[in-house]
Amino acid sequence: MNKKIAGIVLATSIAAAGAFAEAKTNLCFTGTLNAADWTFNSDGSTTSKYFQQGEDYKDSLLSASIATDYAGVKGAVRFDSLANVNSTTYQALYFDYLYGWLQFGGFKVTAGGSFDTRFTDRVKKDITDISFVETQKYGTFSGVAKDADNLSNSLLSTVVGYTFTFDTSKLMLNGVLTTPTSASIGSSTVGNNQKQSNTVIFGNSTTGVFSGYAFEAVYQSPVFSLDAILKVPMANQLSAGAYATVVPVKACTVVVGGVFGSDTSTTNTTVSSVGIDARVRYAFTDALSCTFMGNYSNQKTTVSGSDTNVDGKYANLNATYKVNDNISAFIEAGYIDAGTTATDKSDETVNGLFGAVISPGAGAKLSAGIRAKKVLSDKGVFGLSIPVALDIAL
């Protein structure tokens, strides 16, 4: 059923968007890579890589959109990294997302494949494509509560919403029906920047749950907003979270929130997760601003009565100085615990980045810098890299 609904909405939005002369079109390219990457090992050797994409910088993206005030459609493809050219999974070009929307007054329906639906401000005004400050999106590092405020992080989704408008505020209500991929919503293998698996249907003849669903309620005013989200990706999985955005003064934006996740979909296994986020941006002057992002996550896995706890956390800071309308310089520092192991510090790093953003003309932006990374588990391992990103919008 969801496939039919999404197909009808997508086809209608394409026709509606293209039927009006005032339709606006947009074409964007974003490419990120490590121009150079050196790892200085504890035995004195050095490992070098050049012009590669990796865990920090994803495949290049080409997107296009056409839209009017009433309808629109947007899609994107990705170019696989040339570093993977000899891999059996190499694809020179692959689908990333495609969705369309129709809007009539306060009513809006959006449908398509592998797109994101988020409301809460991610506080990224000064954050570049090569930044590490946003180590992850809101939620936990892994599991069902990962990417907690994203309603439609799946292969196929239909989002239906209505916005009630008052004098100075709004109330938005959204409902989502999802047809996920072979991993649950929020899994590390689902969503943008990931190649998609073949479509499967969640549930079985016993549970009778063949699609996921989600609900969202948002209150928004000029100085405060609250976003509450409930997601049921599949049978015996649940994620519930809330995020508040406060603008106490024009120069300051604060976002705080948290999420709880529960997963009992595996026999004799219970996974409970909690994620707490805090982000702040403050503009000291028109030219100088600072952004802080932090998260603490805990995942408790109980298998036949035996518990394992894994913590994940990060605390990162960005300071940006706008030299003029075309050039900005920034510096970043932070600590990241990726939350992948409970036994050692192999997933813990301290990071630093110094870079600049140059905008030579309208719609073009080049970011480059030098990044240092220290793995805490091995005193002798140190990494140095030169990340580069190019954005072009037409």
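The structure presented is a predicted model; accordingly, all values stated were derived computationally and were not measured.
- In this structure, E332 does not pair ionically with R371, as no charged nitrogen and carboxylate oxygen lie closer than 4.0 Å.
- Ion pairing of D147 with K137 is absent here, as no side-chain N (NZ or NE/NH1/NH2) approaches a carboxylate O to less than 4.0 Å.
- Put simply, the side chain of F330 does not reach to within 4.5 Å of the side chain of S131, judged on heavy atoms.
- For residues 247-305, the pairs satisfying ring-ring contact (aromatic ring centres under 6.0 Å, His included) are Y282-F284, with sequence neighbours left out.
- Using a 4.5 Å heavy-atom threshold, the side chains of K108 and M172 count as separate.
- Under a 4.0 Å N-O distance rule, the pair D307/K300 qualifies as a salt bridge.
- Applying the ring-ring contact (aromatic ring centres under 6.0 Å, His included) test to F224 and every residue at least two apart in sequence or in another chain returns nothing.
- Side chains of Q220 and F119 form a contact here, defined as non-hydrogen atoms less than 4.5 Å apart.
- Side-chain polar atoms of T320 and N318 form a donor-acceptor pair below 3.5 angstrom.
- The hydrophobic cluster containing M293 also contains I336, counting ILVMFWY residues as joined when their side-chain heavy atoms lie under 4.5 angstrom apart, directly or transitively.
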inquiry  = Pair F166, F164 - check ring pair (Phe, Tyr, Trp, His ring centres under 6.0 Å), show working.
reply    = CA-CA 7 Å; F166 307 103; F164 300 88; 7.1 Å; no

Output side-chain donor-acceptor pairs under 3.5 Å for residues 239-259, partner residues at least two apart or in another chain, one line each.
none

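- Each of V388, T128, I358 was compared with S367 under the side-chain contact (heavy atoms from CB on, under 4.5 Å) criterion, and only T128 meets it.
- Taking the side chain as every heavy atom from C-beta outward, Y99 and S157 never approach each other to under 4.5 Å.
- Side-chain contact between D227 and S225 is absent, with no heavy-atom pair separated by less than 4.5 Å.
- F29 meets the ring-ring contact (aromatic ring centres under 6.0 Å, His included) test with no other residue; sequence neighbours excluded.
- Between the side chain of N41 and the backbone N or O of D43, no donor-acceptor pair lies under 3.5 Å.
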task = Decide yes or no on side-chain hydrogen bond (donor to acceptor under 3.5 Å, both in side chains) for T135 and N295, but give the supporting numbers first.
result = CA-CA 9 Å; T135 301; N295 170 277; over 6 Å; no

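- Between the side chains of Y50 and W38, at least one donor N or O lies within less than 3.5 Å of an accepting N or O.
- A 4.5 Å side-chain heavy-atom check between T269 and T301 finds at least one atom pair inside the cut-off.
- Listed by chain and number, the residues in a ring-ring contact (aromatic ring centres under 6.0 Å, His included) with F354 amount to none (sequence neighbours excluded).
- Partner of S152 under the side chain to side chain donor-acceptor pair (under 3.5 Å) criterion, out of T117, T110, T178: T117 alone.
- In this structure, Y321 has no ring-ring contact (aromatic ring centres under 6.0 Å, His included) partners at least two apart in sequence or on a different chain.
- Hydrophobic clustering (ILVMFWY, side-chain heavy atoms < 4.5 Å, transitive): V303 and V271 are in distinct clusters.
- A side-chain donor from one of Q299 and S142 sits under 3.5 Å from a side-chain acceptor of the other.
- Using a 4.5 Å heavy-atom cutoff, the side chains of T349 and F132 are not in contact.
- Proximity of L171 to Y162: side-chain heavy atoms (C-beta onward) are nowhere separated by under 4.5 Å.
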